[in-house]
Amino acid sequence: MASPALLMRVVASAYSAAEKAATIVRNVMAAGDLGIVEKTGANDLQTKADRLVQMSICASLAQKFPKVTIIGEEELPSDEVTEELIEDGHCEEILKKTCPAQYTGIKEEELVIWVDPLDGTKEYTEGLLDHVTVLIGIAYGGKAIAGVINQPYYNYEAGPDAVLGRTIWGVLGIGAFGFQLTEAPAGKHIIVTTRSHSSALVNECISALNPDSVIRVGGAGNKVIQLIEGKASAYVFASPGCKKWDTCAPEAILHAVGGKITDIHGNSFQYNKEVKHMNSAGVLAALRNYDYYASRIPNTVKQSLVP
């Protein structure tokens, strides 16, 4: 048996790193001292969980794949990472899948991994635990081609016997796993958008789409999960604020199941290592009927958001 392609080994290791991350997230919360720091203001927070998880994921993947570029959300001092933060396992199940032919020749130095150690930090600090995700996105040639999303608190309201947490993963050309793919109710326009970063423009854009209902939740990972599980039909965020590490993993998973994510103008996101981190022209995504929503974004909104 030939050894698995690099991409599959990276995804399999990212899966285990994300599971380890979830344990850290839960342990920090259980210990009760979140160590909250304001980065740019009260809506831009960092906790001890963000810091420890980023150290854990980046160090674990860098140890195995030293030539891969890894870009994380948090600016951290390059401390020695303690041994208990290192995850050296991998998901065997993922290694059994066949790597798509177009990705079999990838070299380490051609991959960029975008890490959001805790997407939905504000919600985490407020106890809205089901909004929280850990995101590991893998890009090649500037495109998001694979991703892992862990929800540390999936099922946390389902009672003591429920298994806490889950990991969703996907690779373009293989598909996405760890959840039940469901389409939103036919003929219903349900929009998922930001909970803590709203603005007049965000609301103007949503109103123009004339939705049947609007769901406001934290975290880009969580919003894309709403799409792939059929709870929402479009993710609309007409504002800067989202960054490449917020969208890389969710994009790969959404695209792996036939959905589409772009900025408000319909431009796809670029994930090469030199790219600017901010998605300054917002986000528009759908599992199905992307064009319906794209065609209804008002020009006034587009003119206000410069890519």
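This chain uses plain numbering: 1 for the first residue, then up along the sequence. Values in this document were obtained by computation on a predicted structure and should not be read as measured data.
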Please list, one pair per line, the donor and acceptor atoms closer than 3.5 Å that link side chains of residues 60-69 to other protein atoms, with sequence neighbours excluded.
| residue | atom | partner | partner atom | Å |
| --- | --- | --- | --- | --- |
| Ser60 | OG | Ser56 | O | 2.6 |
| Ser60 | OG | Glu87 | N | 2.8 |
| Lys64 | NZ | Ser13 | OG | 2.9 |
| Lys64 | NZ | Asp88 | O | 3.1 |
| Lys64 | NZ | Gly89 | O | 2.9 |

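- Of the possible polar contacts, one joining the His265 side chain to the Leu305 backbone as a donor-acceptor pair under 3.5 Å is found.
- With rounding to the nearest 0.5 angstrom, the CG atom of Asp130 is 5.5 Å from the CD atom of Glu157.
- Cluster annotation: Val283 and Tyr292 are assigned to the same hydrophobic cluster (Ile/Leu/Val/Met/Phe/Trp/Tyr, side-chain heavy-atom contacts under 4.5 Å, transitive).
- In this model, no donor atom of one side chain and acceptor atom of the other lie less than 3.5 Å apart for Thr262 and Asn267.
- Val236 and Thr193 get closest at one heavy-atom pair: O-OG1, 2.7 Å.
- The existence of a salt bridge linking Glu75 and Lys39 is excluded, since no basic side-chain nitrogen approaches an acidic carboxylate oxygen closer than 4.0 Å.
- Considering all non-hydrogen atoms of both residues, Ile86 and Lys20 come closest at O-NZ, 4.0 Å.
- Neither side chain, Tyr15 nor Glu93, offers a donor N or O lying under 3.5 Å from an acceptor on the other.
- We find that Lys231 and Glu229 are joined by a salt bridge, their nearest charged nitrogen and carboxylate oxygen being less than 4.0 Å apart.
- Between Glu123 and Arg195, at least one side-chain N (NZ, or NE/NH1/NH2) sits under 4.0 Å from a carboxylate O, which counts as a salt bridge.
- Using the six-membered ring where Trp is involved, Trp114 and His277 have ring planes that are perpendicular, over 60° apart on the 30 and 60° scheme.
- Here the straight-line distance linking atom CD of Glu110 with atom CG of Leu7 works out to 11.5 Å at 0.5 Å rounding.
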Asp50/Gln54 under side-chain hydrogen bond (donor to acceptor under 3.5 Å, both in side chains): CA gap, chis, key distance, verdict: CA-CA 6 Å; Asp50 298 78; Gln54 181 161 311; over 6 Å; no

